[in-house]
Amino acid sequence: MLRLFNSLTRQKEEFIPIEPGKVRMYVCGMTVYDYCHLGHARVLVVFDVIVRHLRNLGFEVTYVRNITDIDDKIIARAAENGESINELTKRFIAAMHEDADALGVLRPDFEPRATESMDDILGMIQTLIDKGYAYQGSNGDVYYSVSRFDGYGRLSGKRLEDLRSGARIAVDEVKRDPLDFVLWKAAKPGEPNWPAPWCAGRPGWHIECSAMSVDCLGPHFDIHGGGMDLQFPHHENEIAQSEAATGEHFVNYWIHNGFVEVNEEKMSKSLGNFFTVREILKSYRPEEIRYFILSSHYRSPLNYSDENLNQARGALQRLYTALRDVEIPTGDASTVPSYEDRFVAAMNDDFNTPEALAVLFDLARAVNRAREQADDATPQLAATVKMLAGRLGLLQEDPESYLRGRVIQEGPDDETIEALVKRRQEARASKDWAEADRVRDQLSRMGIELEDGADGTRWRRI
RNA sequence: GGCUGGGUGGCAGAGUGGUUAUGCAGCGGCCUGCAAAGCCGUGGACCUCGGUUCGACUCCGGGCCCAGCCUCCA
């Protein structure tokens, strides 16, 4: 039985799909005006793992992750660069796909874009106006009237009067209530715009997600996800828009992932303390980043540091080392049920990936032990490691080539290393230990570690 | 100020009302020409003060501290 933490009720609940055997899920994706940073990577990886787990449980999942390709920042950045918004967003959508692919994130089933969903957006705004939930201001903008919607604040645990008394809400003459938010923004001269019954303009940020999710998944679906910072106001506003427009309950389960932090502080664009995925990929391998993200629970903070990435590196080396030299049976290989049960139980408990990884380490020990004892169970144990790790999108590479792999382009090539290893082998054969150790030190300085085994010496980059 | 969430061993990070998390690091041993990898063993923790309980790190209450949201943000 799958239990997940629902932000709406702030407790773990049993997951019961609307339609038996099927899950409809929407996750807020990126605004594409810059490269993905680690915070974006976390959303991508966390929900990728959630989708994989749901599918492993046998659910038929429809996964939608949108792209916001029109908003103020995109307009501003395009103007800065002297390019069109289409050129800008095209580049960063491609970059996002590259990063996601590198991290082993499976593509969503649908990836709608705001600019391609104008009809749905306009239709929903019109419905909201017709039903009296929205109004046009004197400046042409269309606003959502927050006080008209009864449940406003339920998701974020906020009361309207608290929000109103907050000093951080700017006074705006055009709005009837300072809490009202914009659905349609009138275009200023020179700004990109789309025709609309009210005035040419562009959608506000929140309406696109309401329109696209309802369009792709219907008015009522199972799971809606995103970063914790979207809980308010973005998701709160989505609920208000969607439920007012459709008259139906919008989403059953809300899932929000925690932040990536740097020195105990949220990683964000505004603080400027962010690291892009492609920057980190210069020093670490994609799988190391993925492991690092999964090494803490998705709702906990994830502290970015070299030390923690290095720990991820070491952990993967241990797991891959356990898989080395084991003939893993292909096809529907028999696996070891007790470990699989533990793994599934961990994932069923609100997607507890650290616990699931612990199962992998217990298995790795079992593999190593079995191998030492020449136990026939070794291949089954190894197959179980690989199969379960695969559900997290990990450990699918060939172990030997993974361990020999490199991150940075500098350093000796394989031929150079092989030659030195051979030279050392010869020294060892003639028991010239001084020479053998000298060569090993030389390789060690190049970042190569050696392992002498019964059937020769093997090496790996560290 | 309002509202969330959290404080676990040297570090990272799960979990549980009484039993080894796990990984890295440490210590002892096995293995090794020496190492590495691996295996075996081992030390080390639950912010603080009260309460409930036969028993609390785990439940309840107060306090202290941290992060986040209340403004664009994943």
Side-chain angles (χ1 to χ4, degrees), chain A residues 5 7 10 27-31 36-47 71-73 76 153 156-159 161-170 179 205 225-234 236 256-261 264-271 274 291-292 295-297 299-303 305 307-319 321-322 324 342 346 349 352-365 367-373 403 428 431-434 436-437 440-441 444 449-454 457-460 462:
Chain A
F5 185 88
S7 304
R10 286 175 201 79
V27 170
C28 289
M30 271 190 77
T31 301
C36 291
H37 65 232
L38 198 52
H40 300 114
R42 191 177 193 189
V43 179
L44 293 171
V45 170
V46 160
F47 286 99
D71 94 319
D72 290 1
K73 285 180 176 167
S156 52
K158 296 178 188 307
R159 290 174 302 187
E161 61 250 50
D162 291 342
L163 288 167
R164 288 208 183 88
S165 63
R168 297 169 90 178
I169 293 171
L179 297 181
W205 175 36
M228 215 104 115
D229 44 2
L230 298 185
Q231 198 167 345
F232 187 88
H234 185 55
E236 195 70 62
H256 292 99
N257 66 277
F259 298 127
V260 177
E261 300 182 351
E264 324 286 285
E265 215 175 32
K266 177 183 174 186
M267 177 181 287
S268 74
K269 297 264 169 112
S270 39
L271 287 167
F274 62 92
Y291 181 97
F292 166 64
S295 68
S296 86
H297 184 84
R299 284 189 284 118
S300 301
L302 178 65
N303 203 41
S305 69
E307 194 190 342
N308 291 345
L309 260 326
N310 289 338
Q311 287 210 13
R313 169 168 297 173
L316 281 172
Q317 280 175 359
R318 174 166 168 81
L319 293 171
T321 301
R324 202 165 52 171
R342 278 179 61 201
D349 182 15
N352 192 337
T353 52
E355 184 70 32
L357 290 171
V359 175
L360 258 33
F361 284 104
D362 286 344
L363 260 168
R365 168 166 289 114
V367 171
N368 290 331
R369 196 185 296 148
R371 176 172 29 218
E372 275 195 3
Q373 296 164 356
L403 292 167
R428 291 183 74 222
K431 299 212 189 303
D432 183 355
W433 306 128
D437 289 350
R440 180 167 54 204
D441 288 348
S444 174
E449 194 156 81
L450 300 181
E451 286 180 45
D452 295 326
T457 296
R458 69 166 118 230
W459 57 269
R460 61 193 171 96
I462 51 173

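Residue numbers start from 1 in every chain, and the chains themselves are labelled A, B, ... in the order their sequence lines are given, proteins ahead of strands.
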Report task. Could you list the residues that satisfy salt bridge (charged side-chain N to carboxylate O under 4.0 Å, His left out) with A:Asp452, not counting sequence neighbours? Result -> A:Arg424, A:Arg428
Query raised in the report: Is B:rC54 paired to anything, Watson-Crick or G-U wobble with both distances less than 3.5 Å, and if yes, which nucleotide?
Result: B:rG18
Report summary line: The Watson-Crick or G-U wobble partner of B:rG26, with both key distances under 3.5 Å, is B:rU42
Requested in this report: Give the rounded distance in Å between these two atoms: CD of A:Glu261 and C1' of B:rA74.
Outcome: 13 Å
Requested in this report: Could you check which of B:rC34, B:rG13, B:rA74 has an atom nearest any side-chain atom of A:Asn257?
Outcome: B:rA74
Query raised in the report: For A:Asn368 and B:rC40, what is the distance between atoms CG and P respectively, to the nearest whole Å?
Result: 9 Å
Report task. Between B:rA74, B:rA67, B:rC34, spot the one nearest the side chain of A:Glu264, thanks. Result -> B:rA67
Query - salt bridge (charged side-chain N to carboxylate O under 4.0 Å, His left out) partners for A:Arg159, two or more places apart - result: A:Asp162
Report task. Only counting residues at least two apart or in another chain, list the ones meeting salt bridge (charged side-chain N to carboxylate O under 4.0 Å, His left out) with A:Glu372. Result -> none
**Report entry** Residue-phosphate contact under 4.0 Å: A:Asn308 side-chain N/O, B:rA12 OP1/OP2
**Finding:** no
Query raised in the report: Considering only the P atoms, how many Å lie between B:rA14 and B:rG1, rounded to the nearest integer?
Result: 30 Å
Requested in this report: Apply side chain to side chain donor-acceptor pair (under 3.5 Å) to A:Asn368 and list each qualifying residue two or more places apart in sequence or on a separate chain.
Outcome: A:Arg371
**Report entry** P spacing across the pair B:rA45 / B:rA21, given as an integer number of angstrom
**Finding:** 11 Å
Query raised in the report: Base, sugar-phosphate, or nothing: which does A:Glu307 touch, judged by heavy atoms less than 4.0 Å apart?
Result: sugar-phosphate
Query raised in the report: Could you write nucleotides 17-30 of chain B as a row of B, S and -, 5' to 3', where a protein heavy atom under 4.0 Å of any base atom gives B, of only sugar-phosphate atoms gives S, and otherwise -?
Result: ----BSBS------
Report task. Decide yes or no, distance alone: a donor-acceptor N/O pair under 3.5 angstrom between the base of B:rC72 and the side-chain of A:Asp72. Result -> no
Report task. Would you kindly check whether a donor in the side chain of A:Asp437 faces an acceptor in the base of B:rG33, or vice versa, at under 3.5 angstrom? Result -> yes
Query raised in the report: Touch check for A:Thr321, heavy atoms < 4.0 angstrom, all strands: base, sugar-phosphate only, or nothing?
Result: sugar-phosphate
Report task. Provide the distance between the two P atoms, one in B:rC60 and one in B:rG5, to the nearest whole Å. Result -> 12 Å
Query raised in the report: Should A:Asp229 and A:Lys266 count as side-chain neighbours, where that means a heavy-atom distance under 4.5 Å?
Result: yes
Report summary line: Those residues at least two apart in sequence (or on a different chain) that pass side chain to side chain donor-acceptor pair (under 3.5 Å) with A:Glu449 are A:Arg460
Requested in this report: State whether A:Ser300 places a side-chain N or O below 4.0 Å from either non-bridging phosphate oxygen (OP1 or OP2) of B:rA14.
Outcome: yes
Query raised in the report: Who passes side chain to side chain contact (heavy atoms under 4.5 Å, CB included) against A:Arg369, sequence neighbours left out?
Result: A:Arg365, A:Gln373
Query raised in the report: Taking CG from A:Leu403 and P from B:rG38, how many angstroms apart are they, rounded to a whole number?
Result: 10 Å
Report task. Under the salt bridge (charged side-chain N to carboxylate O under 4.0 Å, His left out) rule, collect the residues that match up with A:Arg10, sequence neighbours excluded. Result -> none
Requested in this report: Could you measure between the two P atoms, the one in B:rC66 and the one in B:rC30, and give it in whole Å?
Outcome: 50 Å
**Report entry** P gap between B:rU58 and B:rG6, integer Å
**Finding:** 14 Å
Query raised in the report: Expressed in whole Å, how much space separates the P atoms belonging to B:rC59 and B:rG15?
Result: 12 Å
**Report entry** Watson-Crick or G-U wobble partner of B:rG1, both distances under 3.5 Å
**Finding:** B:rC70
Requested in this report: With C1' as the reference atom in both, quote the distance from B:rC3 to B:rU8 in angstrom, rounded to an integer.
Outcome: 26 Å
Might you list the N or O atoms of the protein lying below 3.5 Å from N or O atoms in nucleotides 3-7 of chain B, with each pair's distance?
from	atom 1	to	atom 2	distance (Å)
B:rC3	O2'	A:Gly157	O	3.2

Query raised in the report: Below 3.5 Å, does any donor atom in the side chain of A:Arg440 face an acceptor in the base of B:rA35, or the other way round?
Result: yes
Requested in this report: Examine the side chains of A:Gln231 and A:Ser156 and answer whether a donor and an acceptor come within less than 3.5 Å of each other.
Outcome: no
Query - Short side-chain N/O contact to B:rA74 OP1/OP2 from A:Lys266, under 4.0 Å - result: no
